[in-house]
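Structure first, then comments.
Protein chains get the first letters and strands the later ones, always in sequence-line order, with residue 1 at the start of each.
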Amino acid sequence: MTTASRSMAVEDDAPLLSVRGLTRRYGARIGCADVSFDLFPGEVLGIVGESGSGKSTLLACLAGHLTPDDGQIHYLSNDGPCDTRTLSETTRRRLMRTEWAYVHQNPRDGLRMGVSAGGNVGERLMAVGARHYGQIRTAAEDWLERVEISAGRIDDRPSAFSGGMQQRLQIARNLVTGPRLVFMDEPTGGLDVSVQARLLDLLRGLVRQMGLSAIIVTHDLAVVRLLADRLMVMKDGRVVEQGLTDQVLDDPQHAYTQLLVSSVLQV
Amino acid sequence: MPATQTAESAYNFAYLDEQTKRMIRRAILKGVAVPGYQVPFASREMPMPYGWGTGGVQVTAACLVPEDRLKVIDQGADDTTNAVSIRKFFERTAGVAVTTATSEATIIQTRHRIPEEALTEAQILVYQVPIPEPMRFLEPRETETRKMHELEEYGLMHVKLYEDIARHGEIATSYAYPVKAAGRYVMDPSPIPKFDNPKLGQNAALQLFGAGREQRIYALPPYTDAVSLDFDDHPFVASKAMHDCDLCGSDTSYQDEVITDDQGSRMFVCSDTDFCAGRRARGLFGRLGVPDAEGGA
């Protein structure tokens, strides 16, 4: 992929994902309302906000797990632009396993716990038609190495892995088909800080190396500081502030963002 | 209702009432029209426990006509409890002729085997199926597996085979080996040994599969492709025990291993008793075969 050229020429490229007026209601209450943004190729967008602010609802709508009530989501796929809301289910599911990836907060949601690490990584390859065992295995070994899991553990089940390893395995499983857009829901949630740091390091490396576009939902400001180019702050289902990460974090404008930034514990 | 007079006239012909048979025949027709697709049907309570072939019995009942000659096999044998009971059941409730000879039968209900002898266009093979969903143990949600069938997302089937090779060095699935029917639906051929898989495709007989507890019927029409799934570098192999039958000497049939004492002695015998008896009647004997030996040793 044209990694370097992509990130250099961000301004010239059309947005990879273009969202306008996205709304999802749960009955009378709103999940998220009137969210609009553009995500450019090679860009990482962070979404922060407190629990219940609608970040996960927004991510689920974007990834096609929930149906939005209103608004448009335009995605620029390899086959040309498309509206993911009107896409046929066949095409959407194909996108989901080729061009998109979804990293769950709990690795148990994203992994097959009864299947070996190699099988977990290979599943997406087999889903897109790989039928050569040797090649699938080589790809799986390669990816395990890239996420710092020793190739000797390829036949172990994820249940024998630590939480951090499970999360890294989930990332390998998602990236093996070379997706363009990765959705991450609290990728570091539930991990202790030293493991978090390693995972973030790894993610940052992979995102830059593969030129991935990513949307990361988190409540951890350190995560977005490290990974995200741009930041969106949500409160009560609405976006209250967005801008470059450093700008938002160093000079918060909205009262809620100021509160959020000042609430971070200093060690 | 045009109930044919039977041996036990308290029952309708072949036990089931005509409306039920109609419902099952509809499911069978749909199954034949869409090979490998699991058609839901309203499975009835049968006078036998689930797991004893309630699905197969209902399909057989719906297909039977008074002129039929029925053969029932269980693991290839005509003389096991399950086979004997089902054969008796239809003798009593339908009064049809029964046989143990594969070539004479018009309907063969089977559990876990396809007869060794090639079937003909005039025959129907009815399978008893415990779990019709080939992806059940990989994806427990029925809603999800239905969606996967609908969208032809069968990558998961290969994950199962991948796991086999990773753990055992080869595809160790030796029965209920998944096949792709007519290039579309992946189906579970019921727990037949994979030795029998090559006989599924392009078979002259109509093959019907009934799962009573799971309430599904599916079918392979005559001369339909059924391709066993595999990897390019680990092709499908129809395996069997590397022995000749000890009774009839056949080296091409599928064999059961029988432990004969506690000193480690064992013998291998054809699982298809009719095939084995036929060979012995023609004077072919194996290591332990004697002219008047009874089948089953």
Side-chain angles (χ1 to χ4, degrees), chain A residues 64-65 67 87-98 100-101 108-141 143-144 149 151-160 169 172-174 176-177, chain B residues 34 37 131 133-174 176-180 183-186 194 197 225-237 239:
Chain A
H65 299 175
T67 319
L87 225 52
S88 75
E89 188 163 20
T90 323
T91 327
R92 191 163 63 232
R93 283 176 74 119
R94 192 177 50 73
L95 273 182
M96 276 184 187
R97 55 175 199 264
T98 53
W100 296 356
R108 283 165 187 274
D109 296 335
L111 291 172
R112 288 194 189 277
M113 299 305 283
V115 168
S116 72
N120 265 294
V121 178
E123 182 180 343
R124 271 173 79 109
L125 291 171
M126 293 182 245
V128 295
R131 291 292 179 263
H132 190 283
Y133 175 81
Q135 286 163 7
I136 293 168
R137 196 156 172 94
T138 312
E141 276 170 356
W143 265 99
L144 288 181
I149 297 174
R153 305 210 56 183
I154 190 169
D155 292 332
D156 292 347
R157 292 187 179 185
S159 47
L169 179 62
R173 167 184 160 91
N174 272 289
V176 67
T177 46
Chain B
V34 192
Y37 173 71
I131 295 162
E133 177 48 65
M135 290 177 285
R136 172 63 67 242
F137 293 112
L138 295 153
E139 177 53 70
R141 287 169 296 177
E142 175 75 17
T143 46
E144 187 63 18
T145 52
R146 273 195 224 177
K147 187 65 78 184
M148 291 156 92
H149 281 294
E150 178 190 334
L151 301 175
E152 238 180 310
E153 286 179 6
Y154 290 129
L156 202 52
M157 278 323 314
H158 276 85
V159 173
K160 179 176 149 66
L161 302 181
Y162 170 94
E163 287 291 288
D164 261 5
I165 304 174
R167 213 168 299 157
H168 307 287
E170 58 175 12
I171 299 179
T173 304
S174 54
Y177 194 103
V179 294
K180 196 166 210 177
R184 175 60 179 82
Y185 284 97
V186 166
K194 68 175 168 184
N197 266 28
D225 279 332
V227 180
S228 306
L229 304 180
D230 59 3
F231 284 104
D232 297 346
D233 48 347
H234 285 266
F236 170 82
V237 180
S239 61

Select one option (side chain, backbone, both, neither) describing which atoms of A/Ile154 are under 4.5 Å from chain B's heavy atoms. side chain
Chain B interface, residue from A/Arg94, A/Arg131, A/Met126 that has the most non-hydrogen pairs under 4.5 Å: A/Arg131
Hey, is CZ on B/Arg184 packed in by over 12 heavy atoms from elsewhere, all under 6.0 Å? yes
Give a yes or no answer on whether the side chain of B/Asp164 reaches the backbone of B/Thr173 with a donor-acceptor pair at less than 3.5 Å. yes
Is there a donor-acceptor contact under 3.5 Å from the side chain of A/Arg112 to the main chain of A/Asn120? no
Side chain, backbone, both or neither: which part of B/Leu161 has an atom under 4.5 Å from a heavy atom of chain A? neither
Checking the side chain of A/His132 only, and the main-chain atoms of B/Phe231 only, is there a donor and an acceptor separated by less than 3.5 Å? no
Pick whichever of B/His234, B/Arg167, B/Glu153 has the most heavy-atom pairs under 4.5 Å with chain A. B/Glu153
In terms of heavy-atom pairs under 4.5 Å with chain A, which of B/Ile165, B/Leu229, B/Asp230 leads? B/Ile165
Short question: side chain of A/Arg153, backbone of A/Ala160 - any donor-acceptor pair under 3.5 Å? yes
